[in-house]
J.: 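Have a look at this one before I ask anything.
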Amino acid sequence: MTRVFVYGTLKKGQPNYCRMFDRSNGRTQFVGTAKTAEKFPLVIAGVHNIPYLLNIPGQGHQVHGEIYEVDDQMLEFLDAFEGVPAHYQRTATKLEVKEWAAQEDGETPAPGSVTEAFLYTTKTYRPEWTTLPTHESYDSYGEHGLKAVPANSLPAYVE
Ligand code: PCA
């Protein structure tokens, strides 16, 4: 199992959450909520209004999201779905735990403790995206009005 931190359309209540729980894509288990230990610019960009975490540590906000454990099949699905490596790259990052779900096995980190997981960041962003407003917590249905445009077929991030 691999830990993945999601901050965008894969979060609970967001448009692609269901994909992580489609058993034909693999298996997923919720682990907890967290925020990135470092700041990153989280912007909404492109014709599909997609959230992108620009790989520029130290700028923007500590970004809030959810940690899931996924099996190899789901990890492969997510990598393909996120357009790795052209659109996003899967990178490891340190996270500050907010709340941890009770697990049968393994320890329960205290709120505020640091853990690690993979997340989808991008270095292949357009230069002008660095001037977009940054968000602390993504919500496709938020006041910004930039609702994510559903992609019905892969690749999801054709510009
Ligand atoms: N999906 C991934 C990266 C951005 C997106 O919309 C996520 O939710 O973390």
J.: So how far is it from T122 OG1 to I56 CD1, rounded to the nearest 0.5 Å?
T.: 9.5 Å
J.: Taking the side chain as C-beta and beyond, is there a heavy-atom pair between Q59 and T130 under 4.5 Å?
T.: no
J.: Going by ring-ring contact (aromatic ring centres under 6.0 Å, His included), F30 matches just one of Y17, Y68, F5. Which one?
T.: Y68
J.: Can you list every side-chain hydrogen bond (donor to acceptor under 3.5 Å, both in side chains) pair that touches residues 22-37, not counting sequence neighbours?
T.: D22-S24
J.: Are F77 and M1 co-members of a hydrophobic cluster defined by side-chain heavy atoms under 4.5 Å apart?
T.: no
J.: Return the minimal non-hydrogen interatomic distance between G46 and W129, and the atom names on each side.
T.: N-CZ2, 4.1 Å
J.: CD of E99: more than 12 outside heavy atoms within 6.0 angstrom?
T.: no
J.: Flag the pair M20 / L78 as yes when at least one side-chain heavy-atom distance between them is below 4.5 Å, and no otherwise.
T.: yes
J.: Quick check against the 3.5 Å criterion: does N49 have a side-chain atom that pairs as donor or acceptor with the backbone of V149?
T.: no
J.: May I ask you to decide if the ring planes of H135 and H144 are parallel, tilted or perpendicular, using 30° and 60° as cut-offs?
T.: perpendicular
J.: What about Y88 and Y125, same hydrophobic cluster or not, with Ile/Leu/Val/Met/Phe/Trp/Tyr joined at side-chain heavy-atom distances under 4.5 Å?
T.: yes
J.: Answer yes or no: is there a side-chain heavy-atom contact under 4.5 Å between L75 and R90?
T.: yes
J.: Quick one: are H61 and K39 in side-chain contact, heavy atoms under 4.5 Å?
T.: no
J.: Measuring from H48:NE2 to L146:CG, what's the distance to the nearest 0.5 Å?
T.: 14.0 Å
J.: Supply the atom-to-atom distance H64 NE2 to E96 CD, rounded to the nearest 0.5 angstrom.
T.: 9.0 Å
J.: Show the nearest heavy-atom pair for residues S140 and A148, with the distance to one decimal.
T.: OG-N, 3.0 Å
J.: Take atom NZ of K98 as the centre, draw a 6.0 Å sphere, and report whether it contains more than 12 heavy atoms from other residues, nucleotides or ligands.
T.: yes
J.: Give me the atom names and distance for the closest heavy-atom approach of A117 to I67.
T.: CB-CG2, 4.5 Å
J.: Which atom pair, heavy atoms only, marks the closest approach of M74 to D71?
T.: N-OD1, 2.9 Å
J.: Given side chains that start at C-beta, do those of H87 and I50 come closer than 4.5 Å, heavy atoms only?
T.: no
J.: Under a 3.5 Å distance rule, please check whether Q14 uses its side chain to pair with a backbone N or O of L10 as donor and acceptor.
T.: no
J.: How close do T124 and A86 get, counting heavy atoms only, and between which atoms?
T.: OG1-O, 2.7 Å
J.: Between Y7 and Y120, is the gap from one ring center to the other below 6.0 Å?
T.: no
J.: Using a 4.5 Å cut-off on heavy atoms from C-beta on, say whether the side chain of V6 contacts that of L119.
T.: no
J.: Could you tell me which non-hydrogen atom of E66 sits nearest to which non-hydrogen atom of K12, and how far apart they are?
T.: OE1-N, 3.0 Å
J.: Between L132 and Y52, is there a side-chain heavy-atom distance shorter than 4.5 Å?
T.: no
J.: Do Y138 and Y141 belong to the same hydrophobic cluster, where Ile, Leu, Val, Met, Phe, Trp and Tyr are linked whenever their side-chain heavy atoms lie under 4.5 Å apart, directly or via other members?
T.: no
J.: About how many Å separate CG of L54 and OG1 of T121, when rounded to the nearest 0.5 Å?
T.: 9.0 Å
J.: Quick check on E116: does its CD atom have over 12 non-hydrogen neighbours (other residues, nucleotides or ligands) under 6.0 Å away?
T.: yes
J.: A side-chain contact here means heavy atoms from C-beta on lying under 4.5 Å apart; do W100 and V31 qualify?
T.: yes
